[in-house]
Amino acid sequence: QVQLVESGGGLVQPGESLRLSCTASGSDFSMYAMYWYRQAPGKQRELVAQIGSSITYYADSVQGRFTISRDNAKNTVYLQMNTLKPADTAVYYCNTRRTGIDIWGQGTQVTVSS
């Protein structure tokens, strides 16, 4: 069973940057797409970014500010978040799928506030 562990969240001021990391256990990491979701209080969980072997996708709200990348040698996916806004405040979750089953990390809190 694959396990995902996120890190890198914290409290930052508007305009600052953070980099989230998500490390996966197990093998064949490079074969699977990886996803970052977020959930703000009182809102539904939303897809922020995804990365396959070479294709990436970003939600409109983060396009141009966030960058998703992966290091297959380290079984790790990253989310570089620049020019953060208060609206980016949420718990960020790493996700992947195996045989149609969603696998989630524990989440990491990102708070953007002055």
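Here the structure is a predicted model, which is why all the values come from computation and not from measurement.
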Would you find a donor on one side and an acceptor on the other, under 3.5 Å apart, between the side chain of Arg70 and the backbone of Gly52?
yes

Find out whether Cys22 and Tyr92 are in side-chain contact, i.e. whether some heavy atom of one side chain is under 4.5 Å from a heavy atom of the other.
no

For the hydrophobic clusters of this structure (ILVMFWY residues joined by side-chain heavy atoms under 4.5 Å, transitively), does one cluster hold both Ile68 and Leu18?
yes

Look up atom CD in Gln39 and atom CD in Gln44, then write down how far apart they are to the nearest 0.5 Å.
8.5 Å

Rounded to the nearest 0.5 Å, how far apart are CG of Leu20 and CD of Glu6?
8.5 Å

Can you check whether Val62 reaches Arg38 side chain to side chain, under 4.5 Å on heavy atoms?
yes

Interatomic spacing from CG in Leu11 to CD in Gln109 - rounded to 0.5 Å
9.5 Å

Hey, is CD on Gln3 packed in by over 12 heavy atoms from elsewhere, all under 6.0 Å?
no

Main-chain N/O of Ala33 paired with Thr96 side-chain donor or acceptor, under 3.5 Å
yes

Identify the two heavy atoms, one from Pro14 and one from Ser114, that lie closest to each other, and give their separation to 0.1 Å.
CD-N, 3.7 Å

Measuring from Tyr35:OH to Asp102:CG, what's the distance to the nearest 0.5 Å?
8.5 Å

Quick one: are Lys74 and Ser21 in side-chain contact, heavy atoms under 4.5 Å?
no

Using the side-chain contact (heavy atoms from CB on, under 4.5 Å) rule, take Arg45 and Trp104 through it: C-alpha gap first, then chi angles, then the decisive distance, then the call.
CA-CA 12 Å; Arg45 194 170 295 189; Trp104 297 94; 3.2 Å; yes

How close do Val2 and Ile103 get, counting heavy atoms only, and between which atoms?
O-CG2, 3.4 Å

Would a distance-only check, ignoring hydrogens and angles, find a side-chain to backbone donor-acceptor pair under 3.5 Å from Gln80 to Arg19?
no

Dump the intermediate steps for side-chain contact (heavy atoms from CB on, under 4.5 Å) on Leu47 and Tyr57, then the final yes or no.
CA-CA 9 Å; Leu47 177 63; Tyr57 161 85; 3.6 Å; yes

Roughly how far, to the nearest 0.5 Å, is the OG1 atom of Thr76 from the CE atom of Met34?
9.0 Å

Is any side-chain heavy atom of Met81 closer than 4.5 Å to one of Val110?
yes

Determine whether Asn82 and Ser17 satisfy the following criterion, side-chain hydrogen bond (donor to acceptor under 3.5 Å, both in side chains), listing intermediate values before the conclusion.
CA-CA 4 Å; Asn82 298 329; Ser17 299; 2.9 Å; yes

Give, for atom CZ of Phe29 and atom OG1 of Thr23, the distance between the pair rounded to the nearest 0.5 Å.
8.0 Å

Of all heavy-atom pairs between Thr108 and Gly9, which one has the smallest distance, and what is that distance?
OG1-N, 3.1 Å

